[in-house]
Number of protein chains: 2
Amino acid sequence: MEQRTPGAGAGAGSRVLVVDDDPTVAEIVTGYLDRAGYVVDRAGDGPDALARAAAHWPDLVVLDLMLPGMDGLEVCRRMRGRGPVPVIMLTARGDEDDRILGLEVGADDYVTKPFSPRELVLRVGSVLRRARPAPAAASGLLRAGGLTVDPAARRATKNGAELALTIREFDLLAFFLRHPGRAFAREELMREVWGWDFGDLSTVTVHVRRLRGKVEDDPARPRIVRTVWGVGYRFDPAAGLGEE
Amino acid sequence: MEQRTPGAGAGAGSRVLVVDDDPTVAEIVTGYLDRAGYVVDRAGDGPDALARAAAHWPDLVVLDLMLPGMDGLEVCRRMRGRGPVPVIMLTARGDEDDRILGLEVGADDYVTKPFSPRELVLRVGSVLRRARPAPAAASGLLRAGGLTVDPAARRATKNGAELALTIREFDLLAFFLRHPGRAFAREELMREVWGWDFGDLSTVTVHVRRLRGKVEDDPARPRIVRTVWGVGYRFDPAAGLGEE
DNA sequence: CGGCTCCTTACGGAACGCGGACGTCGGCGG
DNA sequence: CCGCCGACGTCCGCGTTCCGTAAGGAGCCG
């Protein structure tokens with residue numbers, strides 16, 4: 001049932017570094033991860049782990065807390081010093097202090113010994129999935145010009161800078177981003193953005209003005225939300241950066 | 001002090017939540033589990049179960065699939081949303097689909113009605129023993145910004161320092177950590193965190209404020225849990241270190 | 001130049017979020 | 001058994017933010 005490779009989206013072929021001084025444990029873990037479709041590398045102690053990481057930077061590290069020579073926490077710290085990498089710690093059961101320490105150093109998850117290899121595999125997948133920031137695509141994100149509108153987060157940016165928009169302004173901009181290049185009458189906007197079939201159309205005018213004040217480089221000469229005389233307004237997507 | 005410990009000695013005094021709308025069934029099950037040395041709590045329906053769980057997080061849940069109002073599967077899902085907890089499902093005999101559904105949602109075991117109470121007790125012990133070394137699969141540790149939330153241990157830290165959160169505050173923070181960067185209406189939070197479809201929304205406001213008081217550097221100018229005017233709140237994961 | 005459209009500004013009121021405080025319930029310890 | 005205390009849900013007053021409307025001026029077109 002759980003035989004599938006992690007190819008279903010999460011980290012197919014991701015490189016996992018397993019660090020454990022116990023050959024038996026390392027062997028078992030390696031085997032399971034390998035069968036799950038990961039590329040696995042092994043290290044027996046701290047220095048070895050750092051060397052391996054230097055040779056091939058891993059996507060995730062499974063790290064035994066108890067290591068000969070260098071402490072697992074130290075390894076974690078050094079690793080983190082070189083670059084951001086998710087870490088799953090293996091700790092002795094019930095050793096609560098160790099777990100807390102691990103979390104402080106920045107472990108992304110922990111598994112207590114003795115553990116089920118299958119569970120470890122699941123957690124590896126989970127952490128990898130979590131570590132991967134939202135792919136931005138398929139998330140309903142709207143982009144045009146230098147503008148970005150995220151309906152889910154209710155955030156809008158222009159050239160990376162956050163815009164402080166009110167509800168109406170945000171909805172208005174989002175609507176424009178969804179229908180670029182088309183001209184809309186004020187009545188249409190009132191219906192689509194406000195959800196009203198009646199009302200003072202100057203409301204739309206004023207809100208367009210306010211939006212321009214926050215979005216346009218020069219609100220006096222709008223290039224993004226253009227006026228279509230005798231009709232209404234049109235969003236011009238090709239007016240992102242300053243060309244003159 | 002120890003009344004009577006369960007046979008195998010696993011989970012003496014473990015807290016078991018029994019959810020069944022049939023008073024007779026609940027009574028019998030409660031009786032047996034109680035005599036087996038467990039601390040038993042009872043709930044008659046879904047919302048009740050979630051409320052009980054909020055008050056005292058159980059070590060295991062015995063859950064009837066058929067419940068008035070909220071579906072057993074839904075209860076299971078919500079419960080799992082708050083933290084990893086083993087679940088044993090009670091299903092109608094031969095209702096194969098239900099069993100499959102139950103296992104998919106993440107039940108750790110199931111018992112078909114009519115069932116022998118003694119068998120149920122045995123399974124409870126078994127699941128507890130199995131689940132003990134490490135909380136069952138599914139969600140692990142949550143990290144974002146300088147925050148850490150461990151649903152299994154029900155513990156949260158900020159920059160390594162432990163946070164003294166109440167039940168609601170913890171659930172709220174955990175939910176935010178699970179859905180970073182998205183804006184949620186108060187109604188959604190009320191539904192997802194409280195499990196209510198109605199109620200005074202100012203409750204959410206107040207708890208957000210209390211959470212801010214413990215999480216934010218400057219509660220007056222929140223950077224982690226942000227207010228989205230006219231909409232609700234949003235958890236901002238990129239608010240870890242001090243930038244100004 | 002006249003009429004219409006659009007821009008700009010200002011303002012009152014409503015909606016909203018926040019902080020503080022209170023009453024209640026349940027748990028815990030004396 | 002009783003009293004204390006923390007957590008929770010509710011309520012109220014205040015300050016802020018936002019919205020819709022109105023009115024005067026500027027711009028566009030015939």
Side-chain angles (χ1 to χ4, degrees), chain A residues 154 156 163-173 183-187 189-191 193-216 218-234, chain B residues 1 15 39 41-43 47-48 50-57 154 156 163-173 183-187 189-191 193-216 218-234:
Chain A
R154 292 231 120 209
L163 295 172
L165 301 180
T166 69
I167 307 176
R168 289 275 130 92
E169 288 158 9
F170 183 91
D171 288 341
L172 191 56
L173 182 60
F184 291 93
R186 288 178 175 70
E187 306 172 16
L189 293 172
M190 178 128 271
R191 194 176 333 113
V193 178
W194 273 257
W196 301 348
D197 278 342
F198 52 91
D200 191 342
L201 295 181
S202 67
T203 294
V204 177
T205 309
V206 171
H207 278 276
V208 167
R209 142 118 186 102
R210 287 172 182 157
L211 179 60
R212 280 172 171 169
K214 296 180 180 180
V215 167
E216 298 281 354
D218 180 5
R221 263 178 308 286
R223 303 184 142 272
I224 299 175
V225 179
R226 294 220 183 227
T227 301
V228 183
W229 231 87
V231 178
Y233 301 98
R234 166 165 45 86
Chain B
M1 267 345 210
R15 185 175 295 274
V39 178
D41 202 357
R42 280 170 58 176
D48 190 13
L50 293 173
R52 300 270 179 179
H56 274 302
W57 191 251
R154 290 233 124 210
L163 293 171
L165 300 180
T166 68
I167 300 161
R168 287 274 130 91
E169 287 158 7
F170 184 91
D171 286 340
L172 191 55
L173 183 60
F184 290 94
R186 289 180 174 70
E187 284 116 351
L189 293 172
M190 179 126 266
R191 195 174 336 111
V193 178
W194 273 257
W196 302 347
D197 279 342
F198 51 90
D200 192 343
L201 295 180
S202 66
T203 295
V204 177
T205 309
V206 171
H207 278 274
V208 166
R209 190 206 319 158
R210 288 172 181 157
L211 178 61
R212 279 171 170 169
K214 297 181 180 180
V215 167
E216 298 282 353
D218 180 5
R221 246 168 282 94
R223 299 181 148 275
I224 299 175
V225 179
R226 286 200 184 253
T227 300
V228 184
W229 226 89
V231 176
Y233 299 98
R234 180 184 61 224

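Chain A is the first sequence line, chain B the second, and so forth, proteins listed ahead of strands; every chain is numbered from 1.
Contacts of A:F170 with the nucleic acid, taken as non-hydrogen atoms under 4.0 Å apart, are absent. Within the nucleic acid shown, A:G230 comes within 4.0 Å of sugar-phosphate atoms alone, with no base atom in reach, counting heavy atoms only. Within 4.0 Å of B:T166, counting heavy atoms only, lie sugar-phosphate atoms of the nucleic acid but no base atom. Looking at heavy-atom distances under 4.0 Å, B:R168 makes contact with sugar-phosphate atoms alone, never a base. Using a 4.0 Å heavy-atom criterion, one finds that A:V204 contacts no nucleic acid atom at all.
Comparing C:dC18, C:dC7, D:dC11 by their closest approach to the side chain of A:T227 singles out C:dC7. Taking every side-chain heavy atom of A:H207 into account, D:dC19 is the closest of D:dC19, C:dC18, D:dA22.
Taking CD1 of A:I224 as the start and CZ of A:R234 as the end, the distance is 13.0 Å to the nearest 0.5 Å.
For A:D200 and C:dC11, the CG to C1' distance is 15 Å, given to the nearest whole Å. In this structure, the CG atom of B:D41 is 13 Å from the C1' atom of C:dG26, given to the nearest Å. A straight line from CD of A:E169 to P of D:dC18 spans 8 Å, rounded to a whole angstrom. As a whole-Å value, the separation of A:E187 CD from C:dC6 P is 11 Å. Going from atom CZ of B:R186 over to atom C1' of C:dA15 covers 12 Å, rounded to whole Å. Between B:R52 atom CZ and C:dC25 atom C1' there is a gap of 13 Å when expressed in whole angstrom units. Note: CZ (B:R226) to C1' (C:dG17) measures 16 Å, nearest angstrom. Counting to the nearest Å, the C1' atom of C:dT8 and the CD atom of A:E216 are 16 Å from each other.
Interface remark: the A:R210 side chain does form a donor-acceptor pair with the D:dG20 base, using a distance-only criterion of under 3.5 Å.
For B:R212 and C:dC18, the shortest distance from a side-chain N or O to OP1 or OP2 is below 4.0 Å. At the phosphate of D:dT10, OP1 or OP2 sits under 4.0 Å from a side-chain N or O atom of B:T203. Residue A:W194 places at least one side-chain N or O closer than 4.0 Å to OP1 or OP2 of D:dG20. OP1 and OP2 of C:dC18 both lie 4.0 Å or more from every side-chain N or O belonging to B:R209. The shortest distance between the side-chain N/O atoms of B:S202 and the OP1/OP2 oxygens of D:dC11 is not below 4.0 Å. Here B:Y233 does not reach the OP1 or OP2 of C:dC16: none of its side-chain N or O atoms lies under 4.0 Å away.
At most 12 non-hydrogen atoms from other residues, nucleotides or ligands lie less than 6.0 angstrom from CD of A:E187.
Ion pairing of B:E169 with B:K214 is present here, as a side-chain N (NZ or NE/NH1/NH2) and a carboxylate O approach within less than 4.0 Å. For B:D171 and B:R168, the salt-bridge test fails: no basic side-chain N is under 4.0 Å from an acidic carboxylate O.
No side-chain donor-acceptor contact under 3.5 Å links B:T205 and B:R210.
Between B:W229 and B:L201, it is B:L201 whose nearest contact on DNA chain D lies nearer the 5' terminus.
Remark: B:R154 is positioned above the aromatic ring of B:W57, its terminal NZ or CZ atom under 6.0 angstrom from the ring centre and at most 45 degrees off the axis.
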